[in-house]
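Because the structure is predicted, anything quoted here is derived from the model rather than measured. Chain letters run A, B, ... following the sequence lines, proteins first, then strands; residues in each count from 1.
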There are 2 protein chains.
Amino acid sequence: MTVTLKGLRAFNTVLRYGSFTRAAGLLHITQPALTVQIRQLEAALGLRLLDRTPQGAEPTAAGRELARSLEPLLRELDHTVSSLQDLAARRRGAVRLAALPSVASGLLPGAMARLRATHPELRVRLHEAVTGQIYEMVRAEQVDLGIATDLAPGGELSVDPLFRDQILALLPPDHALAGLAAIPLARLAKERLLLLEPDSSIRRLVDEAFARTGRMVTPAQEAVHTGTLVGMARAGLGIALVPSTAAELRMAPELAARPLGPPGIRRMVGLVRRSGRSLPPAAEALAEALRAEAALLAPSGQPSGPPPAAPRRTGRPRPVPPQEG
Amino acid sequence: MTVTLKGLRAFNTVLRYGSFTRAAGLLHITQPALTVQIRQLEAALGLRLLDRTPQGAEPTAAGRELARSLEPLLRELDHTVSSLQDLAARRRGAVRLAALPSVASGLLPGAMARLRATHPELRVRLHEAVTGQIYEMVRAEQVDLGIATDLAPGGELSVDPLFRDQILALLPPDHALAGLAAIPLARLAKERLLLLEPDSSIRRLVDEAFARTGRMVTPAQEAVHTGTLVGMARAGLGIALVPSTAAELRMAPELAARPLGPPGIRRMVGLVRRSGRSLPPAAEALAEALRAEAALLAPSGQPSGPPPAAPRRTGRPRPVPPQEG
DNA sequence: TCCCCCTATAGATATTTTTTATGACCGTTA
DNA sequence: TAACGGTCATAAAAAATATCTATAGGGGGA
């Protein structure tokens, strides 16, 4: 004989309604079943909790004592349960997210709008960082989820692909290279280059690509933020190499954006998570929103899209070229 | 799918030991049974609580949140249960008792000694009162148990017989009536009588007995306490009529104690309780002790004992005569 | 590669719970 | 006073549930 939650709830109900029969109705069981449950609870405690009378049931002193402790206990348990169910239903919760700056400005806002539409109560706590830091934050459980370049970290981490990104060169429309649909690395090497700092994964990809052509890169200028590079490019300080999904590209509609290569410089951006660990429901919801948003960018899987439109010598706004060339 | 105490305890155990297998051992079930229980709890909440790894199990964020609320809840529930079990085992509890003064001085002390021997933690809160008040206190639940004359109150109250009592006349050994083994009421009517106040059930019995012989009683003196009557009798103020079980009789070993009648004046003293209601365990224990003590007074049921020993004209202490003549 | 540690699954078996049907008791009403 | 409508208790059958045994599958360390 052991104390069960069902038994305690049954007792509480009988106590409140003063009758086995009525309580049984409310509990959606028959009166004999309830009688048995109460008997088992009494046996477990070794005490008579209710005195049965022809008019119903009323608590003994022990029953009243139990009820006094029990009611707050049940209330608190129910609160705990429903609070967890809120978590499960995404009515509550915060996602701790670490994301690349390019994603934070590009893909993320749309995903967050999507998330707000479906789960208005969820909050996102965003940390902008570079890929290595993102990996580390996910590993250390400082965040629930990361969005970073897929470097196949293995071990504790796994990366689910989200979208492909390519590096674009941002240059004045009247620049000699702007006439090309894609700019070979060899031609770029002689130009004044505006690059991100060496700890970003974009910069690493650029360095590696140049290394493969046997060249060292010596940037004319480095910056931490893509926006800074774009601003410098607009000021005519050189050619900026920036990820195609960065929203900062829209800051410079008057500049020409050209893919590199062939071969181009591409990377896979994905969701970084602890492998074998489940995501909190809120993080799961954000991940879904991110995947949905990413699907809009590259609707048909991993397409080999067309090269950018030929540059027109106008200052009119131009759509950002598709991400996948 | 519903949240059960078993499931919550299972979860708590897995969390503490970080392994389904080890937790299952501690819970005395097999690992598959535990797996099923945890799965059901997770289904009830709609949440994954534990991430299963090849090294064991560790909590998700939701699991940690549950554990935080759960542990104090389980602790408090266990405390409540064991506290009630203490009550059941008579390791805790107080009896609220209302008793006649004659019982309080006569039968009760022995019963309380008995109670202390078997259940040293129990306390008795004693209220001395006359029968009518005792009935009223039991009815109003001011006390758990009463000891009073059985007047067959019916209704909400029931009286379990405890012992039979008779009225004794207490008189100087050299008094003319002391030579009789039993004193007829008719002879008493001419004496100076020392009686309890009219609200006592003893007095009522005496009045009724005299009424049946066609006489009115006019006491020489009335008192609230038996001890007072005994003192007056010792001082030669008259003949005291007192219940045979009152310990105050021992105050006057030099006086002769004689039954009345025939017919004698008898009453049944019993345990008064609310009918159909169970006694608290502590009260049950006291009731047992009282019954055991009463059995000592009248070992063989309701015997018709011998008349009191013929009075001897000495001042030596004499045992109180048996209650049932 | 093997072995040992994890957990999950499936089917058979126990166990427990619930229902149905009935009885006994009390107070009220006709 | 007999019948009725309410109470809870009981017992046997049926249903639901929990548990065990046996086995599978995965990962880490020797």
Task: Test side-chain hydrogen bond (donor to acceptor under 3.5 Å, both in side chains) applied to A:Q31 - qualifying residues, sequence neighbours left out - done: A:T35
Open item on the list: List the residues meeting side-chain hydrogen bond (donor to acceptor under 3.5 Å, both in side chains) with B:D160, not counting sequence neighbours, and say none if there are none.
Closed with: none
Task: Atom-to-atom span, CG of A:L41 to C1' of C:dT17 - whole angstrom - done: 16 Å
TODO: Please check if any side-chain donor atom of B:D51 sits under 3.5 Å from a side-chain acceptor atom of A:S278, or the reverse.
DONE: yes
Open item on the list: So, applying salt bridge (charged side-chain N to carboxylate O under 4.0 Å, His left out) with A:E284, which one of A:R291, A:R90, A:R273, A:R277 is it?
Closed with: A:R291
Open item on the list: Tell me the interatomic distance from B:L34, atom CG, to C:dT9, atom P, rounded to whole angstroms.
Closed with: 14 Å
Task: d(CG, B:L5; P, D:dA18) in whole Å - done: 14 Å
Open item on the list: Take a 6.0 Å sphere around CZ of B:R64 and say whether it holds more than 12 heavy atoms from other residues, nucleotides or ligands.
Closed with: yes
Open item on the list: Testing the 3.5 Å rule here: is there a donor-acceptor pair between the side chains of B:S158 and B:S275?
Closed with: no
- [ ] Write down the distance between CD (B:Q40) and C1' (C:dA8), rounded to a whole number of angstrom.
- [x] 14 Å
- [ ] Indicate whether OP1 or OP2 belonging to C:dT19 is found under 4.0 Å from a side-chain N or O atom of A:T30.
- [x] yes
Task: Nucleotide C:dT16, atom C1' - distance to CD of B:Q37 in whole Å - done: 14 Å
Open item on the list: Any base atoms under 4.0 Å from A:A33, or only sugar-phosphate, or nothing? Heavy atoms, all strands.
Closed with: base
Open item on the list: In this structure, how many angstroms lie between the C1' atom of C:dC6 and the OH atom of B:Y17, rounded?
Closed with: 19 Å
- [ ] Starting at the 5' end of nucleotides 5-10 of chain D, put B wherever the base has a protein heavy atom under 4.0 Å, S where only the sugar-phosphate does, and a dash everywhere else.
- [x] --SBBB
Task: Exercise: do B:T149 and B:R267 side chains pair donor with acceptor under 3.5 Å - done: yes
- [ ] Establish, with yes or no, whether the OP1 or OP2 oxygen of D:dA16 is under 4.0 angstrom from a side-chain nitrogen or oxygen of A:K6.
- [x] no
Task: Spacing of B:I38 atom CD1 relative to C:dT7 atom C1', expressed in whole Å - done: 12 Å
Open item on the list: Expressed as a whole number of angstroms, how long is the span from A:H28:NE2 to D:dA16:C1'?
Closed with: 18 Å
